[in-house]
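Working notes, structure below.
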Amino acid sequence: MRKIFDFHGGIHPPENKQQSLGEPIRDAGIPAQLVVPLSQHIGAPSSPIVAVGDRVLKGQVIAEAAGFVSVPQHAPSSGTVAAIEERPIPHPSGFHALCIVIDCDGRDEWLPHRGLENYEGESPSDLLEHIREAGIAGMGGAGFPSAVKLKEKPGASIDTLIINGTECEPYITADDALMREHAAEIVAGAEILRHIVGPKNTLIGVEDNKPEGIAALQAAAEGTGIEIVVFPTKYPSGGEKQLIEILTGRQVPSGGLPADVGVVCQNVGTAVAVYDAIVHGRPLISRITTITGEAVSRPGNYRVLLGSPMQHLLDLAGFDPARNQRLVMGGPMMGFTLTDSAVPVVKTTNCLLAPSAEELPAPPPAQACIRCGLCAEACPASLLPQQLFWFARGKEYDKLEEHNLFDCIECGACSWACPSHIPLVQYYRASKADILQQRRDHEKSEQSRIRFEARQERLAREEAEKEAKRLARKKAAELRAQQQAAESGDDSGAEVDPIQAAIERAKAKKAAQQQAAGGESEQDKLEKAVASTRKRLDTASAKLEQARAEGSDLIDALQSGVDKTRAKLEAAEKALAEHLASQDNPPPASEPAVAKPRSAAEIAIAKAKAARAAEADLSPQEKARKQLDSLRQRLDKSEQRLAQSREAGEDEKIVEALAATVQRLKEKISALESEAEKVESP
Amino acid sequence: MALLRVTSPHAHGPASTQKVMQQVLLATVPGVIALIHFFGFGVLVNIAWAALLALAFESLALKLRGRELGFYLKDCSALVTAVLLGVALPPYSPWWLIAVGMASAILLAKHLYGGLGYNPFNPAMVGYVVLLISFPVQMTTWEAPRGVGEVPGLLDALRACFTPASFDGTTAATPLDVLKQNNSLLLENLWAAEPVFGRWAGIGWEWANIAFLAGGLWLLYRRIFTWHAPLAFLAVLALMAALFYDGGSSASGGSPLFHLLSGATMFGAFFIVTDPVTSAVSVRGRLVYGALAGLLVYLIRVWGNYPDAVAFAVLIMNFAAPFIDHYTQPRTYGHRKPAKRREES
């Protein structure tokens, strides 16, 4: 006889299980339409692989697993895909989610399938792949993908496999019915799971309020080495953590997994699904669901195709909407209310409860907490619910975490026991959500802080680098000046700072000019001004030409500079001419200044002017074409330049800049081309 | 079809605060009957008058605070306070004494802090201590129990309470008082010399204590509270008495049985120390809370200025309850150690 352990707390609510155990499991048949949600499990929703209008066969994959923690979905019956769209799904918040809607043809035509003849010859990883392909997710309530749960964890050695047949919630009898009628399949499924996990002990845990199920299991397990462990009925002994403590005396560490204490848990329904998948090759497309409550006249257990609308079940069970006041998926302790009877049955739908108002009355107004401690006595996690309530009301999140709020499994035992009818679990749920939100917000602000600091650091670093470069350049210039000074043999220059030298040179020049101005005539001054302005114009024009040739971005700026200089030159020439005229003395010196053939730059400017004037006469098409031609030339040049610098392995920045120029030119050209097309074909 | 949308759990247990309070009231019945038997109808007049005042003060406070009368009055908590204070006061107390006590209990100790559930101190004990400090003469004048003196009838009791005429019944020092004053006689001789002593403790007192014990055990059976605080309280009190019994010399503090069955011991253990609102919350916390209250009762009874000490001990422990809670958190499932207290730096 195995030693049974007890867990702290727990309650004994009225079981209300007899109502749905009057008859054996009935078949719910094929509804006209099946709505298969893509997310019936914890993890990523599966992705559809059928299209609207496709004919699908029973058991055919209609959506495949998307990622590791995910399972595929199969067509529960044969028919045609009518829609792939958002539909209401069973969810505490009444969410809509993507579903595959199948119009059933009623023929229930199977896709040909075959089980493994000898699973014992297969490796655990191959069997896990089969379980995954069959779309099996935990059928006890949470819906965690079974293959993931069964997969060996590195560093964890599993010595106990627990099959959970506890079903501690009031009203629900789906597992009980399964144990009574399909004990052999449960045991066979457990044997497959045992083969995969390889534990020392394989236990099936059942509460002592299910004597028929226990007897059936014991008969089926005869000689298999699988032990049926019976323990006293107490809610919530079916909670995974509680069941592990009952059967092994071990507690799953806070925040850890059962594997951390060498245990893997699977529900009896999951065991049968595994048996079906491995031995018969049938995917998970139906389950046993309890329909009960005073608002149905024929409560019982039904074998239901996944995706069947809840309304279909309610109709079968003789539902009286006038008596009903809420629809609960799951049990009265942890189930959630449905907003719509059109939502489908999913892999985790163990019960559909339609109670009357007298059966589960609306909660009365809460009274003050008198800290009686009945909640703490009931708490299976050994928390202090009255303290948590106090802190939750005060939004003292630090204290809540200090009092281990996140170890609360939301079983509802405290709320059930509370004499003041305080909705304790609801307070905890809201506080958990608030704390999680706060953590997320904190993380976000932390991230932006880190980003900001990194940016500041980068800017400072760049500034420092620039400064260092400047210093290096300065040093190099000094060195050069020293060398030059040394070369020219000017020993004094060797010590002169180049900037200082430049300043002095400028000063000397200025002084010379002043001196000259003082001694020179007005005419000389004006002539000099004309000459220097002309010189500046020459350099500016040359620069402009060069820029044009290279297709540089500076053309505009240079052009305006040239224009300004030219204006200055004209003004200077005019002033000189006026001066000469006023002296009534035709200046011999001004003759060459005006008539003299211009420098190459001036010729270029004249050419450009002429070109512009010519352009002005051209039609818009010709203008555009010309522009295009020049742009194309520039592009060719730029591309050559880019190729050269790439070959030469020049600095990345230069290459990048050149590449950008090429890109820009190409864009310009294509813009012009499209414009030209528009112009040419009005 | 409008479906009710609520989150789990959907089912609720049969317990209710009102039922808890009513059971506490019911559990005081044996003790009250014993007190009436030994001390006359003054006890009943105390309780009835206190109950009337409690309802009046509670209604007044609720009205001032803008709360719904019916909803809050039906929790019966004011009645519990009234009965506890009515039992604790000397029988045949004048009406104004009780009124001052109830006003302190309901208005000061309860509603100024936010009403039921929010009071850090036990309201009945606050009322009692306010009176004990303010009116020590009235508060220490106890009627001699039946068998020692004559017990007045109901009319006399009413007259004593509501008319200014002084009451000329026989009064007697309580056994705890007698023991406290003794400094020359061996306990054996004291027992023989003083008529107030009965078989194990004082005449009347011993039976009243046994009756309150019976009521308390019934509440334990009904699981209204757990055994931790009362047992720790009684065990430490008895242990202290055993340690300082001194073989019954003239300096003896009294036998364990004498302490267990004297004064307000059983009443305090099952009806005051177990007050959930003002005591520690965890199992370990309640053990510590009860034990320290028991220790304080003995210290004050034997070496303090007052003959009995339950009210003071409980009020002092009320102060300490949050502190005890702070250090006695239970170990949560899946944790190796009880929640670590954050270092307050």
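Keep in mind that this is a model prediction, so the values were computed, not measured.
Within the 4.5 angstrom heavy-atom criterion, atoms from both the backbone and the side chain of B:Val6 approach chain A. Looking at A:Gln387, the atoms closer than 4.5 Å to chain B (heavy atoms on both sides) all sit in the side chain, from C-beta outward. The contact between A:Leu384 and chain B is made entirely by side chain atoms (from C-beta outward), counting heavy-atom distances below 4.5 Å. Looking at A:Arg250, the atoms closer than 4.5 Å to chain B (heavy atoms on both sides) all sit in the backbone: N, CA, C or O. There is no contact between A:Asp260 and chain B, counting heavy-atom distances below 4.5 Å. Contacts between A:Ala381 and chain B at a heavy-atom distance below 4.5 Å involve backbone atoms as well as side-chain atoms. Contacts between A:Pro253 and chain B at a heavy-atom distance below 4.5 Å involve backbone atoms as well as side-chain atoms. The part of A:Val328 that comes within reach of chain B is its side chain, from C-beta onward, which places non-hydrogen atoms under 4.5 angstrom from that chain. Heavy atoms of A:Ile409 lying under 4.5 Å from chain B are absent altogether. Heavy atoms closer than 4.5 Å to chain A are found in both the backbone and the side chain of B:Arg223. Only the backbone of B:Ser279 has a heavy atom closer than 4.5 Å to any heavy atom of chain A. For A:Pro365, the parts lying under 4.5 angstrom from a heavy atom of chain B are both the backbone and the side chain.
Contact annotation: the side chain of B:Leu296 never approaches that of B:Phe312 to less than 4.5 Å [non-hydrogen atoms, C-beta and beyond]. Taking the side chain as every heavy atom from C-beta outward, B:Pro276 and A:Gln386 never approach each other to under 4.5 Å. At least one side-chain heavy atom of A:Ile422 sits under 4.5 Å from a side-chain heavy atom of A:Tyr427.
Looking only at atom types and distance, the side chain of A:Ser20 has no donor-acceptor partner in the side chain of A:Thr290 under 3.5 Å away. Looking at B:Thr17 and B:Asp75, their side chains never bring a donor and an acceptor atom within 3.5 Å of each other. In this structure, a donor-acceptor pair under 3.5 Å is absent between the side chains of A:Gln251 and B:His335. Checked by atom type, the side-chain pair A:Gln367/A:Ser420 shows no donor-acceptor distance below 3.5 Å. Looking at A:Asp407 and B:Tyr333, their side chains never bring a donor and an acceptor atom within 3.5 Å of each other.
Stacking of A:Lys234 on the aromatic ring of A:Phe7 is recorded, both the 6.0 Å distance cut-off and the 45° axial limit being met.
Considering only heavy-atom pairs separated by less than 4.5 Å from chain B, the leading option among A:His8, A:His12, A:Glu245 is A:Glu245. Across A:Pro13, A:Ala368, A:Ala376, A:Gly335, the residue that shares the most heavy-atom pairs under 4.5 angstrom with chain B is A:Gly335. Interface check for chain B: of the options A:Phe336, A:Trp390, A:Trp416, the most heavy-atom pairs under 4.5 Å are formed by A:Trp416. No other option in A:Met334, A:Glu377, A:His421 has as many heavy-atom pairs under 4.5 Å with chain B as A:His421.
Taking a cutoff of 4.0 Å between a charged side-chain nitrogen and a carboxylate oxygen, B:Glu68 and B:Lys74 do not qualify as a salt bridge.
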